Number of protein chains: 2
Amino acid sequence: MLQRPDPFNAQCPTRRVLDRIGDKWAVLILILLERETLRFNELRRRIDSISQKMLSQTLKSLERDGLISRRAFATVPVTVEYALTPLGRTLASTVQALTQWAEAHIGEVEEAQRRYDRGEVAA
Amino acid sequence: MLQRPDPFNAQCPTRRVLDRIGDKWAVLILILLERETLRFNELRRRIDSISQKMLSQTLKSLERDGLISRRAFATVPVTVEYALTPLGRTLASTVQALTQWAEAHIGEVEEAQRRYDRGEVAA
DNA sequence: GATGCAGGTTCCCAATGGATACCAGGAGAT
DNA sequence: ATCTCCTGGTATCCATTGGGAACCTGCATC
């Protein structure tokens with residue numbers, strides 16, 4: 001791998017990583033797991049409107065990428081815990097910055113949308 | 001807006017902002033425009049494999065959100081320049097951190113994927 | 001008059017997302 | 001004994017989305 005990473009090249013692996021971050025469910029899961037280890041249905045309850053399918057699918061991808069770890073316990077009913085790996089932890093803090101941006105600037109974005117929808121040109 | 005922003009609630013506007021960031025093309029466009037103002041076809045040439053349709057669609061959404069500005073010049077053929085707004089600039093630097101993460105950790109992610117695909121459990 | 005370039009839009013098909021139903025297996029209530 | 005609920009999923013179906021390719025306007029050049 002001597003080639004410099006270049007997310008603008010479709011073949012570059014960093015592009016695939018960006019695509020993964022570009023998964024809205026993955027972002028939410030990473031943020032929740034940064035605070036604490038959670039079980040499947042706990043995640044489901046906390047993330048409003050996620051379907052079981054998308055949750056299970058997203059968890060599987062995150063595990064494959066080494067960002068979260070999955071541990072099953074033979075309790076009854078079975079318990080499955082998801083936690084961030086050290087690698088996932090480094091990403092989660094970066095991703096946190098995004099949600100903080102969203103919370104801080106949501107007002108400006110909404111105002112821009114209203115202006116745009118009224119036909120006004122951007123400032 | 002007295003309600004605290006909560007991206008885990010589907011109704012919360014921050015969730016919509018996250019969805020926008022979760023657009024892989026939007027991320028790439030923001031990064032390119034952080035460096036310099038660019039024209040439509042310049043963007044198209046730089047972002048490998050983006051279609052005209054997705055480029056035009058993504059630019060329109062970003063403009064609507066007040067993140068980029070569009071200026072058309074009556075040259076011949078017509079010239080259209082896209083640039084970051086001040087608001088877009090604040091987001092672009094945050095998003096930069098993501099690509100830097102991707103470039104820095106892509107090796108670890110790929111190794112985790114190979115391990116997972118060989119059937120090994122995550123470390 | 002054919003060709004080229006800019007900046008798009010339209011149309012069509014394949015992939016993705018989400019809703020719903022279903023599964024296994026045991027616990028607890030009836 | 002059986003009904004129902006809990007866990008953590010999978011299977012199926014359909015609507016929405018994404019991408020590819022072709023087309024369009026306007027002017028300028030060959």
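In what follows, every chain begins at residue 1, and chains take the letters A, B, ... in the order their sequences are listed. If you're wondering where the values come from, they're calculated on a predicted model, not measured in any experiment.
- Taking for each of Tyr82(A) and Lys53(A) the nucleotide of DNA chain D with the nearest heavy atom, the 5'-most of the two is the partner of Tyr82(A).
- In this structure, NZ in Lys24(A) is found 8.5 Å from CE in Met54(A), a value given to the nearest 0.5 Å.
- For the pair Gln57(B) and Gln52(B), nearest-nucleotide mapping onto DNA chain D gives the more 5' position to Gln57(B).
- Distances shorter than 4.0 Å separate none of the side-chain N or O atoms of Ser51(B) from OP1 or OP2 on dG18(D).
- Ranking dG7(C), dT9(C), dC27(D) by closeness to the Arg70(B) side chain, first place goes to dG7(C).
- Counting non-hydrogen atoms under 4.0 angstrom, Thr79(B) reaches the backbone sugars and phosphates but no base.
- With rounding to whole Å, Leu59(A) atom CG is found 14 Å from dT10(D) atom C1'.
- Residues Trp25(B) and Val80(B) share a hydrophobic cluster, clusters being chains of Ile/Leu/Val/Met/Phe/Trp/Tyr side chains in contact below 4.5 Å.
- Summarising the geometry, the separation between CH2 on Trp25(A) and C1' on dT16(C) is reported as 14 Å, rounded to the nearest angstrom.
- Checking the phosphate oxygens (OP1, OP2) of dG7(C), a side-chain nitrogen or oxygen of Arg39(B) falls inside 4.0 Å.
- Proximity of Thr75(A) to the phosphate of dT7(D): no side-chain N or O atom is located under 4.0 Å from OP1 or OP2.
- Look at NZ on Lys24(A): it is 16 Å from P on dT16(C), rounded to the nearest Å.
- Nearest to the side-chain atoms of Met54(A) among the listed nucleotides dT10(D), dG9(D), dG17(C) stands dG17(C).
- The side chain of Arg71(B) places no N or O atom within less than 4.0 Å of a non-bridging phosphate oxygen (OP1 or OP2) of dG7(C).
- Whole-Å rounding puts the Asp23(B) CG to dG17(C) P distance at 13 Å.
- Computed from coordinates, the Asn41(A) CG to dT10(D) P distance equals 13 Å when rounded to whole Å.
- Smallest separation of non-hydrogen atoms from Leu84(B) and Glu34(B): CD1-CA, 3.6 Å.
- Salt bridge Arg15(B)/Glu103(A): absent, no basic N to carboxylate O contact under 4.0 Å.
- Of the candidate nucleotides dC27(D), dT7(D), dG7(C), dG7(C) has the atom nearest to the side chain of Val80(B).
- One atom, CG of Leu43(B), and another, C1' of dG8(C), lie 14 Å apart when rounded to the nearest Å.
- No contact: Arg44(A) has no heavy atom under 4.0 Å from any strand.
- Between Arg46(B) and Glu36(B), at least one side-chain N (NZ, or NE/NH1/NH2) sits under 4.0 Å from a carboxylate O, which counts as a salt bridge.
- Per the geometry, CD1 belonging to Ile50(A) stands 16 Å off P belonging to dT20(C), to the nearest Å.
- Taking OG1 of Thr85(A) as the start and CG of Leu33(A) as the end, the distance is 10.0 Å to the nearest 0.5 Å.
- The side chain of Phe40(B) lies closest to dG7(C), out of dG7(C), dA6(C), dT10(D).
- Leu55(A) places its CG atom 17 Å from the C1' atom of dA11(D), with the value rounded to the nearest Å.
- OP1 and OP2 of dG7(C) both lie 4.0 Å or more from every side-chain N or O belonging to Lys60(B).
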